[in-house]
Amino acid sequence: DSGVTQTPKHLITATGQRVTLRCSPRSGDLSVYWYQQSLDQGLQFLIQYYNGEERAKGNILERFSAQQFPDLHSELNLSSLELGDSALYFCASSVGGGVYGYTFGSGTRLTVV
Amino acid sequence: GQSLEQPSEVTAVEGAIVQINCTYQTSGFYGLSWYQQHDGGAPTFLSYNALDGLEETGRFSSFLSRSDSYGYLLLQELQMKDSASYFCAVRPSSRPEYGNKLVFGAGTILRVKS
């Protein structure tokens, strides 16, 4: 157990639907990062939050949004889902800048049918 | 933009030594990290180099040459459990508007044969 908790582990939903992925960072970590990993692909950065504020954005689609709450947990909202959104979604957390390493959760596997 | 290149696949035998290379082109550079990911699992942090030279952690070592924009991960005494994907990652900038994101390479699949 890495200390980063992601729920749900698996999600199957239909095209056009909306889902919410949840992440609880490791205790004491203020930064939360979201990454998308499609089949046999690398990790694509989506968005970063630090202590409740958005700090960095990657190539995140307009249909996707995220937030970090006062208790530091984060949610990633995916709407108007398309088949191509099927992927593993990872959350990671770090103390401060995370230069020395991120701790990843076990991921949410999203399947859009 | 940022780009990292690493071989797509490497195969080696148990007990051998293998080196996974990574070259990067980024608009800024604040260190090279390596992560291991077993099939479908969570990436786990292996090592970090901020300065030139070799960092050793048990059977794993990582090297960085900033002048060459190049680094490598060296795995010694390979074990079957080392079969996994290995990703290099760069933090391109410390500028606040860029946050602290890591940019990952596409990953190298390491297959260890008996």
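We use all heavy atoms of the structure for the numbers below, so side chains are in, but hydrogens, waters and symmetry mates are not. This is a predicted model, so every value here is computed, not measured.
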Most heavy-atom pairs under 4.5 Å with chain A, out of Gly107(B), Gly105(B), Pro43(B), belong to Pro43(B)

Say you draw a straight line from CZ of Phe45(B) to OG1 of Thr103(A); how long is it, rounded to the nearest 0.5 Å?
9.5 Å

Is there side-chain contact between Phe104(B) and Gln37(A), with heavy atoms separated by less than 4.5 Å?
no

Within a radius of less than 6.0 Å around CG of Asp39(B), do more than 12 heavy atoms belonging to other residues, nucleotides or ligands occur?
no

Within 6.0 Å of CG in Asp68(B), more than 12 heavy atoms from elsewhere:
yes

Tyr35(A) versus chain B, the contacting section by heavy-atom distance below 4.5 Å:
side chain

Student check: side-chain heavy atoms of Arg55(A) and Lys101(B) closer than 4.5 Å
no

Mind listing the closest non-hydrogen atom pair of Leu102(B) and Tyr102(A) along with its distance?
N-OH, 3.2 Å

Given the rule that I, L, V, M, F, W and Y join up when any side-chain heavy atoms are under 4.5 Å apart, are Val103(B) and Tyr24(B) in one cluster?
yes

Over 12 non-hydrogen atoms of neighbours within 6.0 angstrom of CD in Gln25(B)
no

Would you say Phe87(B) ends up clustered with Tyr89(A) if hydrophobic residues are merged whenever their side chains have heavy atoms under 4.5 Å apart, either directly or through other cluster members?
no

A quick test of your reading: do over 12 heavy atoms of other residues, nucleotides or ligands sit less than 6.0 Å from CD1 of Ile12(A)?
no

For the CD atom on Glu5(B), are there more than 12 heavy atoms of other groups (residues, nucleotides or ligands in this structure) within a distance under 6.0 Å?
no

Select all residues of residues 104-113 of chain A having any heavy atom within less than 4.5 Å of some heavy atom of chain B, and report them by number, or 'none'.
Phe104(A), Gly105(A), Ser106(A), Arg109(A)

Just wondering, more than 12 heavy atoms not from Glu62(A) lying within 6.0 Å of its CD?
no

Check whether more than 12 heavy atoms from other residues, nucleotides or ligands sit under 6.0 Å from atom CD of Gln19(B), and answer yes or no.
yes

Given heavy-atom pairs under 4.5 angstrom as the criterion, report whether the side chain, backbone, both or neither of Leu88(A) touches chain B.
side chain

